[in-house]
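Take a look at the structure below.
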Amino acid sequence: MPKKRSGGGLSATQQAAKFLGVSVLAGAVMAGIALPAAGALGLAAKGSVQGFDEIPANLKSPQLSQRTTILDAAGHQIATVYSRDRTVVDLKDISPYMQKAIVAIEDSRFYQHGAIDLKGVLRALNKNAQSGGVAQGASTLTQQLVKNYFIEEAGDDPTKVAQATQQTLGRKIRELKYAIQIEEKLGKKKILENYLNITFFGEQAYGVEAASQRYFSKHAKDLSLQQAALLAGIVQSPSRYDPVNDEAEATKRRNTVLQRMAEVGDISQQEADAAKEKPLGLHVSQPKNGCITASKGAGFFCKYVEHVFLNDPVFGKTKEARAKIWNRGGLTIRTTLDPQSQASVQASLKQHVEKSDKVAAAATLVEPGTGKILAMGQSKPYGYGKNETEYNYSVDRDMGGSNFGFPTGSTFKPFVAAAAIEGGKPATQEYPSPYKMPYPSPVQACNGKQWVNDSNYTVENESESEKGPYAMKEAMAKSVNTYFVQLISDIGLCPVVKMTDALHVVQGDGKKLPEAPAIALGSKGISPLTMANAYATFAARGMYCTPIAIESITQKAGNEQKSLPVPKSTCSRAMSENTADTVNTLLRGVVDSGTGQQAGLTDRESAGKTGTTDERKNAWFVGYTPNMAGAVWVGSARQNVKMVNITIGGVYRPLVYGGEVPGPIWKDAMTGALQGKPAESFNLVDIPDSNDNGDDNGDGHGHGRGHGGDNGGFIGGIIGGLTDGGTTAGTANGGTNGGPLPAPTLSLPGNFIQGQSNGGRKTGGTHG
C-alpha cells in the first residue's frame, strides 16, 4: 500500500508518533537559526503537525538562470548577456576535488545521512546551548539546496528574496519537508550536482563553472586541489572570503577546507600541508556581461535583438512574461548578422568618420526578399563614456533609437515616383519644371481636404540653366525640385501615403507620416533601418518583407535543449514588379550620371538616392543591389550641427552633400559586404532619354536656389536644402538674386504641413 504524504488515514498512534517526530525535527531545525536551542522544542511543538501537512507536497525545481549567448549568422559569438552569470554543467564535468571539498566543509556526513543529519543536529544543539546563541548550524547540503531554490525563484525581487532567506521556524520546517522529498526523488549525486550549479560564489559568479572561470579562467573540471578548496570555502560567506579583495582571509579559509578534507579522509595530511603552502594562484577574468562587451562593433545590433525579444508577443503575451524568460537566460540566439557585412560596415565607418567628430554616422544593411538585417553599426561606439552612446541611431525610438529618427531629404523622392508610376504615370512623364515657379495649388489629400498656396510660395532649382521640360529619369538623376513639386501636385498626397504605408515607412517615434506636401521634401524623421528596408523592396521587385534579426533560439532546460518560436518575416506586395523595375532604372541613373556617382559600385549593378536636409544637418545615401540594400546617415543626433566648414574623418568639407560623405561610406561598406557574392542584375525597363535641357555638368551635386517675392522667396531655399544640395540662396524680402548662404534654413509656413479646406489656414509647422 503506498505511503500517504498527508496525515489523513493515520491511526492515533501514528498521528502521535508523527507529531512527536515533527516536533523533534522542528526543534532540531532551530539549531540552524538564530534562536537559543533551549526554547526550540517548545516553540516548535505548538501546531506543527497541521502546518507540516499543509505544505504543498511537491517542490518544483526552478529553471536556473543562466547566461544567454548571442551568435551571428555563422555561429560566432557576439556577446553574452545575463542577470546571473551561470553555466550549468554535469557532475562529471566538475573536478572530483571540488566535489569532495564542498562536501567536507559544508556537510561531511552527506553520504551517510538522509535529508536531516540528526547527529549533526544534536551536536549543533549542544554547542549552541553551551554558547547561548548560534555557534554552529546543522543544515545539510540538501536543505541548503532547497533554500537556494527559493532564492532563485525570488529572482531580483528584494521582497521575495527577503522572504526566501528569513530566519523563521516556518521557513525552516518547509525547507525540511522539501529536503526529504528531494532526497527521495533525486539521490545524492544529483543533489550535489544541483547544489554546485546553483550556489553563489561571489564576484557575480553563480555555480561552480562560472566561479572557476571568474577566479582561475578555467573550466570546473580542471580545478586543482587547492583551487577547489578555495572555491568551497567561499560559499559560507562570499563577501568575507572574497580572494580578490582579501587574499589573507581567503587563504585562511582555504586552508581550513584543506584540513577538513584531510580529517575526513578525502586527502592525506601530507597532501593538505603541501597544498596549504601554495599561493592562491588567481587568474581572474572580468565579467563580460551585456551588449557593451559585444565584438565586431555589434553592440547596437545586440541591443536591438534584446529589444526585439522584449517587445515581440511571440516570446510571451506580456512584457513581464518576456522579461522573465530573458532574465532566466540559458538561451542561444542565432541572429541574422552576417560577419562579413558587419566587418565591412565597421571598417567603412572607421575610415570615413572618427568617433570624436562633431557628427556621427550610422549604417544598416538588409537582404531584399527576406528582411534579414545583415549589418548594423555606427561611428560612435556603444557605451557610456566620451564619444560613445547608448542610442542606436539606426532604429526607431521603441527599439532603442533616437526620439524621432532623422529627416531624409531627397531620399524620400523615390517613394513619390513609385506612387506615381503605380498609379499609371509613365516614367516619361514630363513637366515644365522651370527654374522658378509658384508652389502648385491645390494639393489633394486622402481626407478630402486640400492644401492651398494662398501666400504665393515659390520653389526654385539651383541654377537658372536648370530648367525644363524634364522627364522623370533626368529629374530623378538631378533631383530637380520643381519637377517633384509638380508630380506630387498632379497625383495628390493620397497615393504617396498609401505607398509609404505599404513600405511600412513611419516616423522614428512610430507615428504615421502626415498627409502634407512636406513629406515629399523628406522633412520628417525616419530611421536608417526603415529606409534601408523600404529601398530593399525596390530591389526585391516590389515585395516588402518586415525586418528580422533572429534566425533561431534554443533554450537549455536541464540537460535538454528546446527550440523557441521566433518572429518570421512577413512579405507582402507593395507595388507591381513593373513599378519596382522602373524605379530601379531611375535610381540606377542617379549613381551612373547623377548626384550619387561617388557611391556607384564598380563591380556590379547598383542604384540609390542621395539626400541632404535643411542647414545640412543631415546627409544620406540609401542604395541597393539586387541582393543587398543599405542606408547611411550622417549628422548630429541632436540636430544641432550644421555640416558647413566642418572636418569629418580628417577631411575638411566646406559643404556636406549626400553623395560626398554618406555615399562613399555606403560604397565601401557594400563593396566589402558583397565581396565573393553573386553579381546579380536588375530587370531594367527602357525609359527613353528626354532632350537635354539642363546643365548636366556631372558634378555630383543636386541643385536648389531660392528666389522670389511676395514674402515667399525663402521656399526655394527650403526645397533646395532638402535636395542633394548645391549652394542654396534666397531672399525673404523678394529680392531677385539673394546672396549665397552656407546652408539653407527651413521654416515652412504654418499651413504647409496641415491641409486646408476652402483655402482656410491651419496652424502647424515642420523642421526639415
Side-chain angles (χ1 to χ4, degrees), residues 63 65-73 78-83 155 290-291 294 298-338 364-367 369-376 382 390-403 405 501-512 526-534 536-537 543-557 561-572 574:
Q63 181 181 329
S65 59
Q66 301 181 67
R67 66 174 64 185
T68 284
T69 303
I70 300 177
L71 308 174
D72 63 23
I78 297 173
T80 56
V81 296
Y82 49 80
S83 58
C291 292
F300 297 102
F301 177 79
C302 170
K303 202 66 179 177
Y304 178 78
V305 169
E306 180 179 339
H307 279 288
V308 169
F309 194 99
L310 295 176
N311 282 279
D312 199 308
V314 74
F315 298 113
K317 293 182 179 180
T318 66
K319 195 171 185 70
E320 291 73 21
R322 297 189 291 269
K324 185 174 182 180
I325 296 173
W326 181 264
N327 291 331
R328 284 292 182 198
L331 309 173
T332 299
I333 303 176
R334 185 181 286 266
T335 69
T336 60
L337 195 76
D338 174 49
T364 298
L365 305 182
V366 299
E367 185 174 70
T370 67
K372 292 180 180 179
I373 301 172
L374 303 177
M376 182 180 289
Y382 183 80
E390 62 182 303
Y391 293 103
N392 185 348
Y393 301 144
S394 288
V395 301
D396 291 344
R397 179 173 63 186
D398 65 344
M399 302 300 283
S402 62
N403 284 339
D501 284 349
L503 295 172
H504 295 240
V505 174
V506 296
Q507 298 177 73
D509 59 3
K511 295 180 181 178
K512 286 189 63 173
I526 300 173
S527 73
L529 174 57
T530 297
M531 292 297 291
N533 214 47
T537 307
M543 290 299 295
Y544 172 85
C545 297
T546 55
I548 56 169
I550 299 173
E551 291 267 27
S552 65
I553 298 180
T554 58
Q555 183 178 40
K556 189 173 183 180
Q561 295 277 355
K562 67 175 183 178
S563 296
L564 298 184
V566 298
K568 302 296 183 183
S569 180
T570 302
C571 298
S572 58

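Computed from a predicted model, the values in this text were never measured in an experiment.
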Please name the pair of heavy atoms, one in [X] and one in [Y], separated by the smallest distance, quoted to 0.1 Å.
{"X": "Ser83", "Y": "Asn327", "result": "OG-O, 2.7 Å"}
{"X": "Val305", "Y": "Ala549", "result": "CG2-CB, 4.2 Å"}
{"X": "Ser563", "Y": "Thr554", "result": "OG-CG2, 4.1 Å"}
{"X": "Ala294", "Y": "Cys302", "result": "CB-CB, 4.4 Å"}
{"X": "Thr546", "Y": "Ser569", "result": "O-OG, 2.8 Å"}

Pair Thr68-Ile333, side-chain contact (heavy atoms from CB on, under 4.5 Å): steps then yes or no: CA-CA 8 Å; Thr68 284; Ile333 303 176; 3.9 Å; yes
Is there a side-chain contact between [X] and [Y] in this structure, where contact means two heavy atoms from C-beta onward sitting under 4.5 Å apart?
{"X": "Gln555", "Y": "Gln561", "result": "no"}
{"X": "Leu374", "Y": "Val366", "result": "no"}
{"X": "Thr364", "Y": "Tyr393", "result": "no"}
{"X": "Met399", "Y": "Asn311", "result": "yes"}
{"X": "Met376", "Y": "Asn392", "result": "yes"}
{"X": "Val314", "Y": "Val566", "result": "no"}
{"X": "Tyr82", "Y": "Ser65", "result": "no"}

Within residues 305-324 or reaching into it, pairs that qualify as salt bridge (charged side-chain N to carboxylate O under 4.0 Å, His left out) - sequence neighbours excluded: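 Pairs touching residues 305-324 that pass the test: Lys303-Glu306.
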By salt bridge (charged side-chain N to carboxylate O under 4.0 Å, His left out), which residues pair with [X], not counting sequence neighbours?
{"X": "Lys511", "result": "none"}
{"X": "Glu390", "result": "none"}
{"X": "Arg67", "result": "Asp85"}
{"X": "Asp72", "result": "Lys296"}

Out of curiosity, [X] [atom1] to [Y] [atom2], how far, rounded to the nearest 0.5 Å?
{"X": "Ile78", "Y": "Ile70", "atom1": "CD1", "atom2": "CD1", "answer": "7.0 Å"}
{"X": "Asn533", "Y": "Ile373", "atom1": "CG", "atom2": "CD1", "answer": "7.5 Å"}
{"X": "Ile550", "Y": "Lys568", "atom1": "CD1", "atom2": "NZ", "answer": "10.5 Å"}
{"X": "Tyr304", "Y": "Phe309", "atom1": "OH", "atom2": "CZ", "answer": "15.0 Å"}
{"X": "Phe315", "Y": "Leu564", "atom1": "CZ", "atom2": "CG", "answer": "7.5 Å"}
{"X": "Arg334", "Y": "Leu71", "atom1": "CZ", "atom2": "CG", "answer": "6.0 Å"}

Test log, rule side-chain contact (heavy atoms from CB on, under 4.5 Å), inputs Trp326 and Val81: CA-CA 9 Å; Trp326 181 264; Val81 296; 3.6 Å; yes
side-chain contact (heavy atoms from CB on, under 4.5 Å) between Tyr382 and Cys291, intermediate numbers included: CA-CA 8 Å; Tyr382 183 80; Cys291 292; 4.3 Å; yes
Donor-acceptor under 3.5 Å (Glu367 side chain, Lys372 main chain):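 No; zero donor-acceptor contacts below 3.5 Å.
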Ala574: side-chain contact (heavy atoms from CB on, under 4.5 Å) partners, not counting sequence neighbours: Ala502, Leu503, Thr537, Tyr544
Residue pair Lys556, Gln66: steps toward the side-chain contact (heavy atoms from CB on, under 4.5 Å) verdict: CA-CA 9 Å; Lys556 189 173 183 180; Gln66 301 181 67; 4.0 Å; yes
